Amino acid sequence: MPARTVRTTMGVRRGLALGLAVAVLGPALPVTGAAAAERSPAGSAPPSVTPADIRFRHDTLRYGDAREVGLLPAHVDRMPADLTGYLEPTPDHPGHPTYAGAVVLAAKDGVVVQHAAVGSAVRYSAVGPPPGLAGVELPADQQLPMRPDTIFDLASVSKLFTTIVVLQQVERGRVELDAPVARYVPEFAAGGKEAVTVRMLLTHTSGLPAFTALWSRYPTPAERFAAALATPLAAGATPGTRYVYSDLGLIALGVLVERVTGRSLADLVRDGVTAPLGMTDTGYNPAPELRSRIAATEYQPYAGRGMVWGEVHDENAWSLGGVAGHAGVFSTAADLAVLCQALLNGGEYRGRQILRADTVRAMLVNYNAPLEQAYPESDRGLGFELNKHWYMTGLSSPVGFGHTGFTGTSLVVDPLSHSFVVLLSNRVHPDRGWGSNNVARRAVATDLAEAMPVRPRSREAWRADPADLATVTLTAPLRRAARGGTASFLLWYDTEPRYDSARFEVSTDGGRTWAAAPMRLRHGDRRWASDGTVTGYGGRVWWQVSVELPDRATHLRWSSSTDVSARGRGVYVDRIVAADRAGLLFQGEGGDAARLVAQGWAPART
């Protein structure tokens with residue numbers, strides 16, 4: 001081929017790529033995070049990270065040891081024991097066990113470091129009346145233990161498969177994210193939904209209500225689909241201005257991809273996702289011969305179903321034939337691990353591409369950022385939840401992503417550490433009234449996060465004890481009252497934004513009263529300033545902090561405050577030094593270390 005033809009072809013390809021990026025991303029994104037460091041003025045903002053900062057790898061999953069990928073084995077090894085503890089009532093989940101059984105799989109850098117099963121896949125035949133809701137156990141020889149390869153009803157984790165097939169159609173130019181859904185499904189315009197776009201359904205900002213009982217209100221699948229599409233906007237809703245997590249929006253997206261392709265959603269998921277990735281245990285309506293490997297879910301006599309086992313749990317998805325945009329997919333931890341790794345690889349696994357890398361980045365933009373003030377839990381990319389500390393805990397970041405399912409399933413993916421954890425449980429077996437499994441979701445995410453060491457810059461740092469609903473302090477009494485001068489220290493922090501924080505304070509009256517002290521923070525060429533308090537994502541780096549001391553300062557203090565649940569990876573302080581023109585006031589690595597007063601802080605070597 002002549003050189004001129006090559007250049008022309010490359011130019012066309014580049015133009016198509018740029019066009020797709022605009023179609024996927026929509027309006028230009030603000031430049032933030034590490035990628036913007038050289039263009040942002042010093043001190044412009046606290047640390048952040050965007051999808052542009054993610055570095056995709058091309059790992060293939062294999063089993064290995066935690067040490068191979070720099071993890072602390074003790075925390076990884078703790079996962080099965082933590083999950084086993086929730087097979088009985090606990091102080092944070094009283095009254096009933098959290099679930100009958102569970103499977104966990106955790107990986108980093110392509111190495112599966114934990115894959116374990118606890119409890120029972122099938123244990124109960126029925127449930128007693130309220131308020132006790134006592135489980136009626138099957139005879140011991142009819143119960144089935146949980147296995148690492150047990151197949152689970154994923155519930156709303158199914159929405160991710162719908163999202164992927166929608167974005168595949170965006171890549172092919174058949175769907176535009178900012179086009180009205182009614183362009184592809186004309187009857188969707190009913191009920192004031194003419195302006196609702198595909199992107200709004202993916203980000204749950206359409207104005208649709210959360211749910212309607214299609215299964216009990218309409219007699220046939222056709223009428224149920226029609227009713228879902230005709231559902232009007234919630235009273236007073238304006239599309240794009242409120243966040244309501246809606247099953248109905250994903251049902252509509254399932255219909256949309258069927259309309260534009262002329263193929264069923266089940267076939268699109270199989271041919272576009274599970275078959276290319278080799279996810280052989282994943283799909284809708286599992287075959288009857290697989291029943292012995294499937295975890296039972298809920299006793300549903302009100303729907304005439306008895307104990308649901310081998311069929312989709314969600315009543316609406318069941319009444320729609322088992323295949324719907326919001327629920328219906330069954331899978332195993334190992335299959336979901338492949339999906340997680342494919343996303344960490346930029347949409348590719350073993351040479352099979354299910355999404356383009358720029359599409360994966362577009363999935364992880366927080367399109368609901370303007371709604372955060374009114375809806376703090378609204379952080380969403382395209383289909384995926386972002387930065388949800390309530391179940392991601394220390395794996396959270398502005399680009400940390402995942403999803404949960406009502407039956408007790410979840411996946412959490414941390415693209416910054418190239419790690420993920422999958423937790424599958426049958427927490428609705430035998431009854432949803434036994435409570436959520438959020439405590440267990442947090443436990444395994446915390447275990448994986450804690451396995452990633454924060455390495456002190458000296459022999460040992462100080463860490464605020466990881467406890468809920470606590471304020472803990474580390475106090476440094478100065479050798480004498482300061483004559484001005486400066487304090488410096490290293491700070492590493494990662495907390496739940498807004499709800500948990502770290503604070504630096506100074507006292508000038510012997511520790512009776514305290515005032516926050518403005519901090520200047522530096523890491524490499526990145527600089528910013530704080531009023532004395534930091535919260536949220538800290539960049540996962542040690543910040544060099546300097547503080548101007550007031551005259552007659554007598555004490556320095558670091559405090560960490562947490563709310564009732566959902567912490568990050570914590571707060572660390574190291575290399576404390578204070579001095580004025582007359583000399584040293586405090587040296588944390590010298591003889592003054594013994595003078596530190598730790599209330600809820602402890603030395604940390606890793």
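Source: prediction; values computed, not measured. This chain uses plain numbering: 1 for the first residue, then up along the sequence.
- Between the side chain of Arg575 and the main chain of Leu491, no donor-acceptor pair closer than 3.5 Å is present.
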Counting only pairs under 3.5 Å, give me each side-chain donor-acceptor contact of residues 331-345, with atom names and distances, residues two or more places apart or in other chains.
unit_1	atom_1	unit_2	atom_2	d
Ser331	OG	Thr282	OG1	2.7
Thr332	OG1	Asp335	N	3.1
Asp335	OD2	Thr280	N	3.4
Asp335	OD2	Asp281	N	2.8
Asp335	OD2	Thr282	N	3.3
Asp335	OD2	Thr282	OG1	2.7
Gln341	NE2	Asn345	OD1	3.0
Asn345	OD1	Asp59	N	3.2
Asn345	ND2	Asp59	O	2.9
Asn345	ND2	Glu348	O	3.1

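- With a 4.5 Å cut-off on side-chain heavy atoms, Tyr537 and Asp494 count as touching.
- Between Thr471 and Ser561, the side chains place a donor N or O and an acceptor N or O closer than 3.5 Å (distance only, hydrogens not considered).
- Between Tyr349 and Leu61, some side-chain heavy-atom pair lies under the 4.5 Å cut-off.
- The salt bridge (charged side-chain N to carboxylate O under 4.0 Å, His left out) pairs that include a residue from residues 369-378 number zero, where partners must be two or more places apart or lie in different chains.
- Within 6.0 Å of CZ on Arg67 lie no more than 12 heavy atoms contributed by other residues, nucleotides or ligands.
- Side-chain atoms of Asn387 come within 3.5 Å of backbone atoms of Ser397 as a donor-acceptor pair (strictly under, hydrogens ignored).
- For Arg147, the side-chain hydrogen bond (donor to acceptor under 3.5 Å, both in side chains) test picks out Asp149, with sequence neighbours left out.
- Shown here for Asn426 and Phe152, the closest heavy-atom pair between the two residues is N-CE2, 3.9 Å.
- Contact annotation: the side chain of Thr150 never approaches that of Leu424 to less than 4.5 Å [non-hydrogen atoms, C-beta and beyond].
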Taking it one step at a time, do Asn438 and Trp390 satisfy side-chain contact (heavy atoms from CB on, under 4.5 Å)?
-> CA-CA 8 Å; Asn438 288 342; Trp390 65 265; 3.2 Å; yes
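- The backbone N or O of Ser378 lies less than 3.5 Å from a partner atom in the side chain of Asn368, making a donor-acceptor pair.
- For the pair Arg463 and Glu450, the salt-bridge criterion is met [side-chain N within less than 4.0 Å of a carboxylate O].
- Taking each heavy atom of Ala117 and Pro148 in turn, the nearest pair found is CB-N, 3.6 Å.
- Listed here is the closest heavy atom pair of Thr407 and Ala155: OG1-CB, 3.6 Å.
- Ion pairing of Asp551 with Arg483 is absent here, as no side-chain N (NZ or NE/NH1/NH2) approaches a carboxylate O to less than 4.0 Å.
- With 3.5 Å as the limit, one finds no donor-acceptor pair spanning the side chains of Asp468 and Ser565.
- In this structure a side-chain-to-backbone donor-acceptor pair under 3.5 Å is present from Ser507 to Thr513.
- Within the 3.5 Å criterion, the main-chain N or O of Val472 finds a donor-acceptor partner in the side chain of Trp601.
- Listed by chain and residue number, nothing satisfies the ring pair (Phe, Tyr, Trp, His ring centres under 6.0 Å) test with Tyr375 (two or more places apart in sequence, or in another chain).
- Once rounded to the nearest 0.5 Å, the distance linking OH of Tyr99 with NE2 of His93 reads 9.5 Å.
- Within 6.0 Å of CZ on Arg552 lie no more than 12 heavy atoms contributed by other residues, nucleotides or ligands.
- Proximity of a side-chain donor or acceptor of Ser158 to a complementary backbone N or O of Leu154 within less than 3.5 Å is not detected.
- Of all non-hydrogen atoms in Pro456 and Ala604, the two that sit nearest each other are CG-O, 3.1 Å.
- For the residue pair Thr562 / Asp500, no side-chain donor-acceptor distance below 3.5 Å is found, with atom types taken as modelled.
- A salt bridge is defined here as a Lys NZ or Arg NE, NH1 or NH2 lying under 4.0 Å from an Asp or Glu carboxylate O, and Asp580 with Arg480 meets this definition.
- A cation-pi geometry, defined here as NZ or CZ lying under 6.0 Å from the six-membered ring centre and within 45° of its normal, does not hold between Arg540 and Trp492.
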Determine, stepwise, if the pair Leu596 / Leu474 fulfils side-chain contact (heavy atoms from CB on, under 4.5 Å).
-> CA-CA 7 Å; Leu596 284 166; Leu474 178 69; 4.3 Å; yes
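- Applying the ring pair (Phe, Tyr, Trp, His ring centres under 6.0 Å) test to Trp558 and every residue at least two apart in sequence or in another chain returns Phe489, Phe504.
- For the pair Pro376/Tyr499, a side-chain contact is recorded, criterion being any heavy-atom separation below 4.5 Å from C-beta on.
- Checked by atom type and distance alone, the side chain of Lys388 never pairs as donor or acceptor with a backbone atom of Ser396 at under 3.5 Å.
- Two residues are said to be in side-chain contact when any heavy atoms from C-beta on lie closer than 4.5 Å; Asp563 and Glu496 meet this criterion.
- Arg520 is linked by a salt bridge (Lys or Arg N to Asp or Glu O under 4.0 Å) to Glu548, counting only residues two or more places apart in sequence or in another chain.
- With sequence neighbours left out, Thr473 forms a side-chain hydrogen bond (donor to acceptor under 3.5 Å, both in side chains) with Gln599.
- Thr533 and Arg503 are linked by a side-chain donor-acceptor pair at a separation below 3.5 angstrom, with hydrogens and angles left out of the test.
- Each of Arg441, Glu385, His403 was compared with Tyr391 under the side-chain hydrogen bond (donor to acceptor under 3.5 Å, both in side chains) criterion, and only Glu385 meets it.
- The side-chain hydrogen bond (donor to acceptor under 3.5 Å, both in side chains) search around His115 returns Tyr63, not counting sequence neighbours.
- Arg457 places a side-chain N or O within donor-acceptor distance of the main-chain N or O of Arg455, the cut-off being under 3.5 Å.
- When all heavy atoms of Ala482 and Leu549 are compared, the closest pair comes out as CB-CD1, 4.5 Å.
- No donor-acceptor pair closer than 3.5 Å links the side chain of Gln587 to the backbone N or O of Glu589.
- With sequence neighbours left out, His389 forms a ring pair (Phe, Tyr, Trp, His ring centres under 6.0 Å) with no residue at all.
- Thr393 pairs by the side-chain hydrogen bond (donor to acceptor under 3.5 Å, both in side chains) definition with Thr446, not counting sequence neighbours.
- For the pair Arg526/Trp543, a side-chain contact is recorded, criterion being any heavy-atom separation below 4.5 Å from C-beta on.
- Nearest heavy-atom pair, Ser419 versus Met452, reported as atom, atom and distance to 0.1 Å: OG-CE, 3.2 Å.
- For the pair Arg199 (side chain) and Tyr367 (backbone), a donor-acceptor distance under 3.5 Å is absent.
- Classification of Arg595 and Asp592 as a salt-bridged pair holds, one side-chain N sitting under 4.0 Å from a carboxylate O.
- For the pair Ser530 and Leu521, the minimum side-chain heavy-atom distance is below 4.5 Å.
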Output a table of donor-acceptor pairs, distance under 3.5 Å, between side-chain atoms of residues 76-87 and any protein atom two or more places apart or on a different chain; print 'none' if there are none.
unit_1	atom_1	unit_2	atom_2	d
Arg78	NH1	His75	ND1	3.1
Thr84	OG1	Pro80	O	2.8
Tyr86	OH	Asp92	OD2	2.7

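- Counted by atom type alone, Tyr245 and Arg380 present zero donor-acceptor pairs between their side chains at under 3.5 Å.
- Annotation: side chain of Leu71 is in contact with side chain of Lys108 (closest heavy-atom distance under 4.5 Å).
- Partners of Phe401 under the ring pair (Phe, Tyr, Trp, His ring centres under 6.0 Å) rule, at least two apart in sequence or in another chain, are Phe384.
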